[in-house]
Structure formats: structure tokens, C-alpha cells
Amino acid sequence: MKRLLYFLAVPLALCQQAMAQHSEQNHAERFEQLGPMLRSPNVYRTASGAPGHLYWQQQANYDITVELDDKNQSIKGSEKVTYINNSPDQLDYLWIQLDQNQRSKDAESQKASPSKITDQMSLRQLEGILWHDQDLGYKILSVKDASGNDIPVAINETMMRVDLASPLKAGEELEFTIDWSFNIHDRTSFIGGRPGYEYFEEDENYLYTLAEWFPRMAVYSDFQGWQNKQFYGRGEFALTFGNYKVSITVPADHMVGATGVLTNPEEVLNDTELDRWNKAKETFDNPVIIRTQNEAEKLEKGKASGSKTWVFEAENVRDFAWTSSRKFIWDAMAVDVGDKNVMAMSYYAKEANPLYEQYSTRAVAHTLKSYSSRTFDYPYPTAISVEAANGMEYPMICFNYGRPDKDGTYSEAIKYGMISVIIHEVGHNFFPMIVNSDERQWTWMDEGLNTFMQFLAEQEWDRNYPSRRGPAHKIVDYMRSEKQYLEPIMTNSENIIQFGANAYAKPATALNILRETIMGRELFDFAFKQYAQRWKFKHPTPDDFFRTMEDASAVDLDWFWRGWFFGTEPVDISLETVNWYKLDNRSPEEKMKAEAEAYQKEETYLSRTRNEKDIAETVVERDPATRDFYNSYDRFSVSPSDKKQYNDFMSSLNSREKELFNSGLNYYELTFRNVGGLVMPLIIQFNYTDGSSEIERIPAYVWKMNETEVTKVFPKEKDLESIVLDPYRETADIDEENNYFPRRDVPTRFELFKRESGPRGAASGSNPMKDAKKKN
């Protein structure tokens, strides 16, 4: 092959260039392994990302009685907690969450919230600065042990420490009771928040969404001990699994929906409602309306004097929420999930119709099927959507947005917004209600994963669904933000500036890129399902997710986690240069003939014209004996030694070398520059002069030896017209203008929307490759 290289001067130069490139590499840490950044594997969590053989978690069972005061908008309750210490540790005290204290008039969260005056202030903004003097927050009436003795406690803002008379040893359980009450706030006011009530002035009724409503056990885990970080309103919850029995006393004309199974329907439903409920259990095609709009409107006009107690039981859940109102319409249908039937249900006031009656329960059913197919069969008996003009999730029940105008009309934006919120909040049953990550520490582990799953479910609902998050190009505006407004995905939820983009959109986009571009659907789907099944009803950490995705796929993703989850660099890969090479396989005669023809066609210039004239005059003046010698010289003649060298070379080639030598291939040398810093695969669309196109996918590992610039040669049979980098917008590249050869203007956002129908840069027009740099 050495003799072959004699004629292959260009490939030899390529080798030299590659060596020079290697010696001048810029090698940072983008491909270093994550090992030192992750917790060390142990008997509780393995290096593969699975629970270890000694994995443990605590359990907290609750028996709660609570009464709703509809006149004064308050609740009063008593709970018996049975706390089981499954850890190997001795506990001297327990921590309990008091999330309602976040709304107290002297709340630390309000003091720590920045505020400012602008030229124009709304009343709501001004009220938020003034805060409030309402009597909100928990009133802890008593904490007693099983014998009725007082247990000393210490309340620090939203956390309460229960000081035990004697340590709770490993394997032991403790029973104690808490009596408490609090005033329910107007969640539509400037105080905001997830739970509370909404008041309907027209019919003078309330709609209650009760969440964060009882003192809840904090998580004690193997990886951080007690999770007793204060609740400031954004960071959600880390909670312990357990079994619940909850008795809820409300006005007799109220309808109640809650986590778990209603165990006394005969006592709280009338005969008509009970018949419809039993029919709904056997109806799989369309929801059955159990309490109609007309029936609810009649109840709105009166106030029952008596009360009813609704009893719900739930097994292996991490929380419990409920809703109550006399305004509620209620519908339900059965959904076949795996080997059991699940009741999908919706509760909504007339103000949410006709949207909720038409779409809500169907969206619940769709979500259960879509998520189950990618994780595990939904294990709970019910899934409920409640229209409450907000969005928040709890086990088996969620509060959602989606209210039409007063005349019942609605826009497509409202309709799709409602469906998206329902899919998202119902989807939270999987992440984090079952795959129980710590939302206060790592918001992305539930919001990001769930937003990714929401995108897939939306696209299954409607292939033209206007999904807001998921596709790579939709994160570009955030990724090109100024650095002071960016944080890594791994940032604690309370410290994130652009919360929705960081905790929801970016991780969802990253997972979609993993699935579509990095790993491929088959590998990704298998690994993602492994993670979900390994950690259902357990407490995973980011380490467990990262390790499982690699363990189940054999794809080294440390570079991806580093860039997308631990970093803030954007994707901006520039197609810098394109060089066109062809092997010179001509005979000496063919080469000289071509040179002569090229010389004759070469445009004349002043020096050449004068030189030719001078030479001609000199030759005429010479002695005739030497004149013939000069006239006989032919600069384009082939010498015998040239012929011999060529013939010797050709005879030395084997069949494979001759095939390569005469292939006529085009060699296109492309140089890419990593402008943004985040390494990604190279997706290259080659558009040819015959109108055809092809896409080549180069893995991100191409950057391993030089993270700032890489050059790669692509042999092609066809003549190239143009090149487009990332034609389907798979990588969230923030600057598309440098993705083209030749360069072209990128349409504005409006123009781009009009043309959005396929990959950018289809082959057409003239052949600018003719103007590319040629080397023979």
C-alpha cells in the first residue's frame, strides 16, 4: 500500500492533518466518567442502579378522622400514626411535616421572598408584598403516645420534631396520635398554593381541594437520613409509603372524591347514584355520569343542615388528598389495565362544562394506558381528575385546570391545555407517587420524567398534538439564555430561576433526545421500564436513574448526564469547512492533455501576454541552429520515465487496490466546531445534485479526542449540492445559521412556522459544490 500512497497524495495529507489535529486537541472533562460525582454503591443501592439486597424504607400508617366546617372554611382532625422503623438505625426523635405553616402570617418563606415596586402594580402584587394577617397555619392541639401521655415536640416553621421518651430501635414500631386544626385559605387569592378553597359568588358555594392537610411523616432514608428541609412553597414533597383509613365528615349534600376506595357507598350515595356507580364499574367505552349537572345545580341552591361521613381506604400510598363540594358533577368509567379494572373518574362544577364532561375522564383513561405501557401496570384501583382551576397531583387524585368561558365556548388552546394538564397530573401517579423520588431535592426526577412521558402520551392522543415540551427545538430559547439565568438540572428546586424550563422542559427534552437520537427507542424504552419497575414503591435517587439507564442498555451515557444534567452549556455545532477531494487516477498522457487544455482555456493576464511576446521575439532573433531546438520543446509532453513509473505502479496493484483506484469516489472533508460546548452527535444530511438525499449519524464519541473541533471525511459516489447539519432539529442546536453548507439565512420564527413540514434544506437548485475547494 505504500506505493499506492505515492499516488494518493491527498489521503497522505489527511493522515498528516489528523496527526496535527490530535497533537493540538482541546481535551476537557466532557467524557470523564461520573463515578466520583455519584454516591458509592453499597448494600442498599447497587452499582447497577438497582435496590441492594439490604435495601429498606420506613412505613407510616394513618387512621384519620376529619370534619369540614363549610361555614367557617376550616377543618379539624385527629390522626393515629403507626410508624414502623425498618431501618438498621436507632431513632431518638421523629420529624413531621407541617406544610400549612408555609401560609402563616409570620412564615419564613414570605420573609425570604424578594419583592419590588414597579411602575405598574396589580392589586394582587401589592397584596403579596403586604402579605396577610389571617389566622392560617396548623394549630397542633395535642401529640400523645398510645397510653395517652403527652409527647414533647418542637415546631420549627414547617417541621415538627417529636421527641421520644425512649429510642425507637430497628425493627420496632411506634403508635402516637396528633389532634390538629387549621383555617382553609382562598387558593385563588394572592396567597395561592396548591390546596384551599374556591368561592363561587353567584351561587354562594365553595369547592374545596384539601391537600397538605394533615401532619405527615417526613422521610428517613439510607442516603440522607431525615429529609427535613423546610417547605417554602415550590419544592414539593418527600413522603413515606403506608396504608390509610380516612373518615371525612362533610355537609350531607356534598360530593367527596379522595385517594383510595370508598368503602361505604351505600351510606353516602342515594339509590340513583349508587346504581349509576355500579354501572360505571362495568362500562369501558364512555363515562357514566353519576351525579348530573342538573342534579348538582339543584343542590347549589340549598344548604343541607346535616352531615355525612365518607370513608376511604388506600394501601401503599405516600399521601392522601380529597375534594368536597355540593357543586360537583361526577362521572366514571372502567379502564382495563393489565389484569385488573381501574375506575377513571372526574369531579367538576358546571363552570367546567362542557369541556370536562367531554374530555376529562377519557384523558385519565388514556394516560393510564399510555404510562402503563412504558413503565408498569397502574397498581391502584382509581384515578381521579378534579377541575379546580390549577394543577397538582396526589395519589389517585389530582386537581386540574381547564375552564371554558361562561357561555360554554372554549378555544383550542384551552382544550389542549386542559388535556395536557390532566395527562400531566394523572401521570404523576407514576412519578413520583409510585416511583417515589424526593421532589424537594430533585424536582426534575418527577417533573422532568413526567413531562417526557406526558409528551409521548399527547402524541398518542393526537399525532398533531401541539405539545409545548419535549421536542428538542422547543428548549432552544432557554438554552441560549444568559449564563446568569441558567442552572444545572441537578439544582435544588428552591434555587432555580427559570423553574418551568429547568425542571420540566430541559429534562424532558434530554430524555426525548436520549430516546430518539442517542440510544434509540428500543434500548431506551427497555432501560426506562427497568428503572420504573426497579424503583416502584421505593425511593430512588438520580444516581439510581443514571446507573440503571446505562446498566440496562450498555450505552455509556456519562458524557450525556454531565452535559445535560450537571452543566449549563448549550448545543451549538458549526459546520466550519467543506473540502472536496478526488483521487487522481489518470495516466500520464491524460494528465498532460488535461493540463494543456486547461492552459489554453486559462484567462490571459498582462504579464503572461508580455512574456509570450518577448519569448517569440527572442526565438526569431536566435541563430537558426538553436531556433529549432527551442521551438521543438513541448512542456506538456510525457517522458519515457513518467510512462514507466505509471506502468510499474499499475502492475503492482492487486484487484482490491485497482477497484479503489478506479472507483471515482468523491471525498468530502467536513470540519465541525463545537461553539456551544455541549457535545452531541453529528446528524448530517447530504443533498446531491440528482435530487436525492441521505442522512449519516455520527455518535457523540467523535468528540472524545478533541472536544472543540473535529474533522471527518465522507466518501460518496454522488456529487454533492449542499449539506445540512441536524436537519430534523434533534439536538437543540441554538444557532442554525452555521448548520448549512453553503451558508444560508435562517427564516424568522414566523416564516419558519409556515414552512415547518419536514427536514430543513432539501436538495434543489444549482450546485454550489462546484465552487468548493478542489484538490487533485
Inset, instruction - Would you indicate whether the side-chain heavy atoms of L486 and Y478 approach each other to under 4.5 Å? - result: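 Yes, at least one pair of side-chain atoms sits under 4.5 Å.
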Inset, instruction - Please name all residues satisfying salt bridge (charged side-chain N to carboxylate O under 4.0 Å, His left out) with R45, sequence neighbours left out, ordered by chain then number. - result: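 Testing R45 for salt bridge (charged side-chain N to carboxylate O under 4.0 Å, His left out), a comparison that skips the adjacent residues, returns D222, D544.
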So, [X] and [Y], do they make that salt bridge, N to O below 4.0 Å?
X	Y	value
R547	D558	no
R216	D99	yes
R562	E569	no
R318	E439	yes

Legend entry - Worked check of ring pair (Phe, Tyr, Trp, His ring centres under 6.0 Å) between F528 and F452: CA-CA 11 Å; F528 192 81; F452 162 70; 5.8 Å; yes
Aromatic plane relationship, [Y] with [X] - under 30° parallel, 30 to 60° tilted, over 60° perpendicular:
X	Y	value
W559	Y701	perpendicular
H424	H428	perpendicular
W535	Y55	perpendicular

Legend entry - Working for side chain to side chain contact (heavy atoms under 4.5 Å, CB included), residues S467 and Y416: CA-CA 9 Å; S467 298; Y416 282 116; over 6 Å; no
Legend entry - Verdict with supporting geometry, W444 and F545, side chain to side chain contact (heavy atoms under 4.5 Å, CB included): CA-CA 12 Å; W444 71 268; F545 177 70; 3.9 Å; yes
Between the side chain of [X] and the main-chain N/O of [Y], is any donor-acceptor distance below 3.5 Å?
X	Y	answer
D525	R374	no
Y380	N316	yes
N502	F499	no

